[in-house]
Each structure stands twice: as C-alpha cells, then as structure tokens.
Number of protein chains: 2
Amino acid sequence: MPKENKSRYAILGLLSFMPCSGYDIKKMTDNSLKFFWSENYGHIYPLLKELEEEGLADSKKVDSGKGPSKNVFSLTAKGKKVFESWLKSAESRQRYRIEILLKMFFSSHLSVKEIVAKLEAHICEQEELLEEYKKVEAEFAEIPQKRYRLSAVITLDYGKRHAQMVIQWARECIKTVNSL
Amino acid sequence: MPKENKSRYAILGLLSFMPCSGYDIKKMTDNSLKFFWSENYGHIYPLLKELEEEGLADSKKVDSGKGPSKNVFSLTAKGKKVFESWLKSAESRQRYRIEILLKMFFSSHLSVKEIVAKLEAHICEQEELLEEYKKVEAEFAEIPQKRYRLSAVITLDYGKRHAQMVIQWARECIKTVNSL
DNA sequence: GCGCCCATGTAACTAGTTACATGATTCA
DNA sequence: TGAATCATGTAACTAGTTACATGGGCGC
C-alpha cells in the first residue's frame, strides 16, 4: 500500500528550499505554485505533523521577536532522501477530469447557440489566465540567475501553451458546431 | 453548501442517453469517457442509490433472460432538469495538480541528464497516448451521423491537441535545459 | 471443470476542502 | 480602535480509490 499522496512531496520540496512553517507553505503554494498546485491549511498542518512523526521533517518553535512564534519545520536527511526518490521516480498516471469535455460530450442536449456561448465563455476565461501568466512572466524576467529562473520559466511556459491550446481548440469547436 | 460532486452529473448524463445499470455505467465510462473522465464501482453504486433517494433516478429490476438480473436506473423528469441545469451552468474553477510541473519546479535537485531523461520519458508517454487517440478517431470516422459524432470529435480533438502541446513543451524544455 | 465475463455491492481507506475558533501584532 | 496580516489548528465534511466478497452463466 504505497502512499500516493503527492501533497507530502510538494511540502517536502518546499522544505528543501528552506525551513518553513505551515503558514509559510501556504503562502508559497499560493504564490509560486498556484498555477499547477494548491494546498490548504486543513491539509498542510496535519501533513506536517505526519511528516514529523515519520522522521522526514523536524520542527522547532521559533520566536522571531515580531509577530507570534512560528513552528518551523525543516527537512531531515531521511526526508531529503524520500523527496529525491520521488523526484526521480516515474509520474503515476494521473486521472483526468475535464468538466468542459464532459459537458461537450453531452452537448446534444444543448442548442447550437448554447454550445457556442459556453465555448466562448471558456475562451474568455483562458484568455484571462494567459494574461495573468504573461504578467508573472514579466516579473520573472528580471531575475538574473539562469538556473534559479529555470523552474519558473518551464512551468509558466506550460501554462501559456495550455491556455493557447484550449483557446484554439474551442475556436475550432465553434467553427465545427456552426457548420452543422 | 452546494454539492460540487461532478460524478453525479456524469452518471445523470449517461442515464440521459439510455437507462443503465451500475455495471453499464462503469463500462461506458471505461469506453467512451476514459480519456477525460473515470468512475469506479465504489463510487457508482452508492451514487446511484443517492440519486434514487433524491428522486433524480429510479430503478427497476430487469431480468433479461440471460445472465444475472440487472438493477436498471433511468432518469426521472426531475433528474433531467437537474442534469440540464448543470449542463448550462458555468464550469467551476477546477483545481490543477500537474505532477510533472511539480517535479520540474524542484528540478534544481536533479542533474541536467536526469531532467532530460524525465522529459523524454514524458514525451514518450504522450506519444503513446496520441497514437491511442488516433486509433479511436479512425474508428469514429466510420460513424455517419454528424450530430452524434460531434461529441466524440470534439473531445478527441482536445486530447490530441493536449498531447501535442505537452510534447512540444517538453522538447522546448530539453533545449532550454541543455543550453544551461 | 476452469476461466472469463456479467453483475452488485460494501468496508476501509486515502485525499482534499470548508468553515470555524483562536489570538497576537502591525499599521493607519 | 479597528482592519489587515501573521499564525496554528481542528471538526466536519465531500470526494474518490482499492480491495474484497459473492454468485450466476457461458463457452471451451
């Protein structure tokens, strides 16, 4: 019974950059990972506790002087090993659940007009996302170190390509539907 | 507290085509929806029961003569209404969790060689998927009715574009990583 | 008689979300 | 003084998966 829980690796990965509190982890996922990964407190805090019990992380109360004291977790040697072994492992087949496709699959219950409206709304959403990606990209362009920038460039590029792909797909769909 | 459970709509949608048993639904998701939607028995049977309790579906024992008797569910008028109202509603913001991106985000823990190997494995997987899509597409091309074919064409096209996009992204990544 | 497919279902589990409770500090 | 942010955590819930138990019919 191997644990398939990927959240633990996201957390271990963030700890590999620097020691973090649960709050820090939430902030980092909300900032850096939000386009392809999210976590919430209800998952983070219990997971941190679990990681500590398994000896993959250890915690230390830190009183920074300002603000309330933090419970800061850092990666243990064992945690680093577990994380890196995941990093090198093959991705497990992920489950796809694409709501727009489910709706399109059942689109014979809709009029052509309704289908087109839905697709146009989808295009609009993706265009907004694309704009957001471009904004974030512009911010990252100012970071000079190549190696550090790599991960941001690669993941953002994926997002941009994805949004563009969906937009093109939806445009083609509209053409197809209109030609019926 | 609105129910976000999308599986119920997938099931209602399949029932909208024809009355089905739990077993039938599993087969249909495994055949027609598998590229973008999946369900398993542990979810289907309890959900069918729930849908019946809510008056969205009703069941009838059917003894087909051959094989064991089936518990066949069909959509009620109320079920049809609920399904169509979902169909017309806006998609709820879906959560992204893309494992390969999470790994790429942490790729500074890997050597260039390891990163490239991972990306190449990913390309390989997507190429296999693409082949699968093309095979299914060839089968569908033989169905003459335009309207019936629509959903299959649209959803398959999405899959193909997605796989191609990922392959191109990964190829670009390999170039970028090698140029460091 | 064996293996495969049809068919239904449950129990135990893992995963993930939402809402809430709490309280300190910082800054306008 | 009141709003925003820092900070931790739990309870209750929804969602989804895996593994198992059961048994009939069909074809070889």
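Letters A, B, ... are given to chains in the order of the sequence lines, protein chains preceding strands, and every chain is numbered from 1. Just so you know, these numbers come straight off a predicted model, no measurement behind them.
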For A:Lys49, answer base if it contacts any base atom (sugar-phosphate contacts may also be present), sugar-phosphate if it contacts only those atoms, and nothing otherwise; contact means non-hydrogen atoms under 4.0 Å. sugar-phosphate

Once you apply a heavy-atom cut-off of 4.0 Å, does B:Gly22 come out as touching a base, just sugar-phosphate, or nothing? sugar-phosphate

Given [N], is OP1 or OP2 found less than 4.0 Å from the side-chain N or O atoms of [X]?
X: A:Asn71; N: D:dT8; result: no
X: A:Tyr45; N: D:dT8; result: yes
X: B:Arg97; N: C:dG16; result: yes
X: B:Tyr23; N: C:dC6; result: yes
X: A:Ser7; N: C:dG16; result: yes
X: A:Asn40; N: C:dT17; result: yes

Please report the distance, rounded to the nearest Å, between [atom1] in [X] and [atom2] in [N].
X: B:Lys70; N: D:dG25; atom1: NZ; atom2: P; answer: 16 Å
X: A:Glu99; N: D:dG16; atom1: CD; atom2: P; answer: 11 Å
X: B:Leu33; N: D:dG16; atom1: CG; atom2: C1'; answer: 16 Å
X: A:Met28; N: D:dC6; atom1: CE; atom2: P; answer: 15 Å
X: A:Lys26; N: D:dT10; atom1: NZ; atom2: C1'; answer: 16 Å
X: B:Glu50; N: C:dG9; atom1: CD; atom2: P; answer: 15 Å
X: A:Lys61; N: D:dA7; atom1: NZ; atom2: P; answer: 12 Å
X: A:Leu47; N: D:dT10; atom1: CG; atom2: P; answer: 13 Å

Nearest-nucleotide comparison on DNA chain C, the residue closer to the 5′ end among A:Tyr41 and B:Pro46: B:Pro46

On DNA chain C, more 5' by nearest nucleotide between B:His43 and A:Glu39 is B:His43

For [Y], is there an ion pair with [X] - N to carboxylate O distance below 4.0 angstrom?
X: A:Glu99; Y: A:Lys118; value: no
X: B:Glu172; Y: B:Lys175; value: yes
X: B:Lys80; Y: B:Glu84; value: yes

Checking A:Glu39 against A:Thr29 for the side-chain hydrogen bond (donor to acceptor under 3.5 Å, both in side chains) test, could you report, in this order, the C-alpha distance in whole Å, the side-chain angles of both residues, the deciding distance, and whether it holds? CA-CA 7 Å; A:Glu39 296 293 347; A:Thr29 55; over 6 Å; no

Compare the minimum distances between each of D:dA7, C:dT8, C:dT10 and the side chain of A:Asp24, then state the nucleotide with the smallest one. D:dA7

Ignoring the backbone of B:Ser38, work out which of C:dG16, D:dT17, D:dA15 is nearest its side chain. D:dT17

So is B:Lys6 actually on top of B:Trp86's ring, under 6.0 Å and inside 45° of the axis? no

